[in-house]
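For reference, the structure is listed below as structure tokens.
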Amino acid sequence: MSPHTAMTATAPAAEATVRKSSPGAARGPRRRTGRLRRVGLPYLLLLPALLLELLVHLVPMVIGIVMSFKELTQFYIRDWSTAPWAGLDNYSVSVDFDAPVGQALLHSFLVTVAFTVLSVGLCWLIGTAAAVFMQDTFRGRGLLRALFLVPYALPVYAAVITWVFMFQHDNGLVNHVLHDQLGLTDKPSFWLIGDNSFVALLTVSVWKGWPFAFLIVMAGLQNIPRELYEAAALDGAGMVQQLRRITLPSLRPVNQVLVLVLFLWTFNDFNTPYVLFGKSAPEAADLISVHIYQASFVTWNFGTGSAMSVLLLLFLLVVTGVYLALTSRGRRTAQ
């Protein structure tokens with residue numbers, strides 16, 4: 001073999017060897033591996049939280065949906081999977097408004113709707129008014145802000161049980177102020193039974209919920225430039241006009257989220273009526289959360305209670321979807 005032929009044959013092999021031994025060729029796979037690690041690391045860190053969410057929320061939800069199709073009573077509570085299959089009977093009983101079970105559920109639903117509308121509206125109104133008032137600088141503003149947040153920071157049981165003592169008929173603070181000191185009532189009122197129970201429940205819910213609205217609105221007000229108010233004041237706009245033309249339009253995205261969160265929290269509220277009235281809430285304050293609890297754990301009819309829970313879930317999903325669709329359409333129209 002000639003030297004020229006040998007050099008021609010060994011040239012590709014030499015080039016391949018140089019290519020393999022070059023730093024750039026080895027750096028390519030390392031870059032891809034590093035990129036995969038950077039992309040996959042966040043998902044790896046989120047995996048424990050996702051598994052915990054699946055275990056705590058989704059798995060019981062699926063089990064509850066399966067239970068709603070079974071004739072599950074106290075006789076099958078040891079092994080609920082052996083309960084007879086009921087199909088849609090639990091749902092038909094729940095929505096049969098001519099029967100006692102359906103009538104009671106419908107009444108509870110209407111009470112919950114009225115309670116939610118009033119509670120959310122008052123929480124938003126009081127929270128917004130307090131947040132707007134707190135925008136001005138004055139002595140003691142920090143202390144007043146801290147006092148406003150006390151009802152929201154207190155544990156639910158401690159806060160509501162305090163109101164239970166205040167609503168007592170004979171020695172409660174509410175009757176003492178309204179009847180003994182101000183003379184607004186002819187006689188001490190029963191606040192935890194009868195029609196007044198709705199007023200008592202609404203009072204506790206608003207007292208406990210408006211600081212959250214105050215906190216969210218106050219955070220939203222920090223993003224509104226002060227120059228807008230100064231320019232509006234120079235143009236002769238008063239406080240009401242500034243509120244209508246600047247504050248409320250600027251707070252629209254914040255209020256949309258705030259109203260939805262308050263609605264879901266209030267409609268599903270179980271702790272407040274349960275601590276306030278116990279296992280058996282008065283008819284005027286029979287919220288649907290307590291009603292489902294009674295249908296499940298008092299009468300031991302877990303199949304019907306699960307069906308009511310699924311119906312409540314579907315209602316909240318529909319309302320949330322419609323609300324998000326309307327608010328997103330309004331946001332696009334405004335833009």
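Residue numbers start at 1 and run along the sequence shown.
Proximity of a side-chain donor or acceptor of Gln294 to a complementary backbone N or O of Lys279 within less than 3.5 Å is detected. Counting only distance, with no hydrogens or angles, the side chain of His169 and the backbone of Phe190 share no donor-acceptor pair below 3.5 Å.
Between Phe263 and Tyr323, the distance from one ring center to the other does not fall under 6.0 angstrom. Aromatic rings of Trp210 and Phe148 (six-membered ring for Trp) have centroids within the 6.0 Å cut-off, being under it. Aromatic ring centroids of Phe267 and Phe315 lie under 6.0 Å apart. Separation of the Phe75 and Trp300 ring centroids does not fall under the 6.0 Å cut-off.
Each of Leu52 and Leu47 belongs to its own hydrophobic cluster when Ile, Leu, Val, Met, Phe, Trp and Tyr are linked at side-chain heavy-atom distances under 4.5 angstrom.
Side-chain contact, Ser289 with Tyr274: no donor N or O sits under 3.5 Å from an acceptor N or O. Counted by atom type alone, Asn301 and Thr299 present zero donor-acceptor pairs between their side chains at under 3.5 Å.
Minimum interatomic distance between Gly102 and Phe97 (heavy atoms only, all atoms of both residues): O-CD2, 3.3 Å.
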Q: Please assess Phe302 against Tyr76 for the test ring-ring contact (aromatic ring centres under 6.0 Å, His included), listing each intermediate value before the final yes or no.
A: CA-CA 10 Å; Phe302 295 98; Tyr76 304 97; over 10 Å; no
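Summarising the local packing, CZ of Phe270 is surrounded by more than 12 heavy atoms from other residues, nucleotides or ligands at distances under 6.0 Å.
Distance check: Ile288 CD1 to Asn268 CG gives 9.0 Å after rounding to the nearest 0.5 Å.
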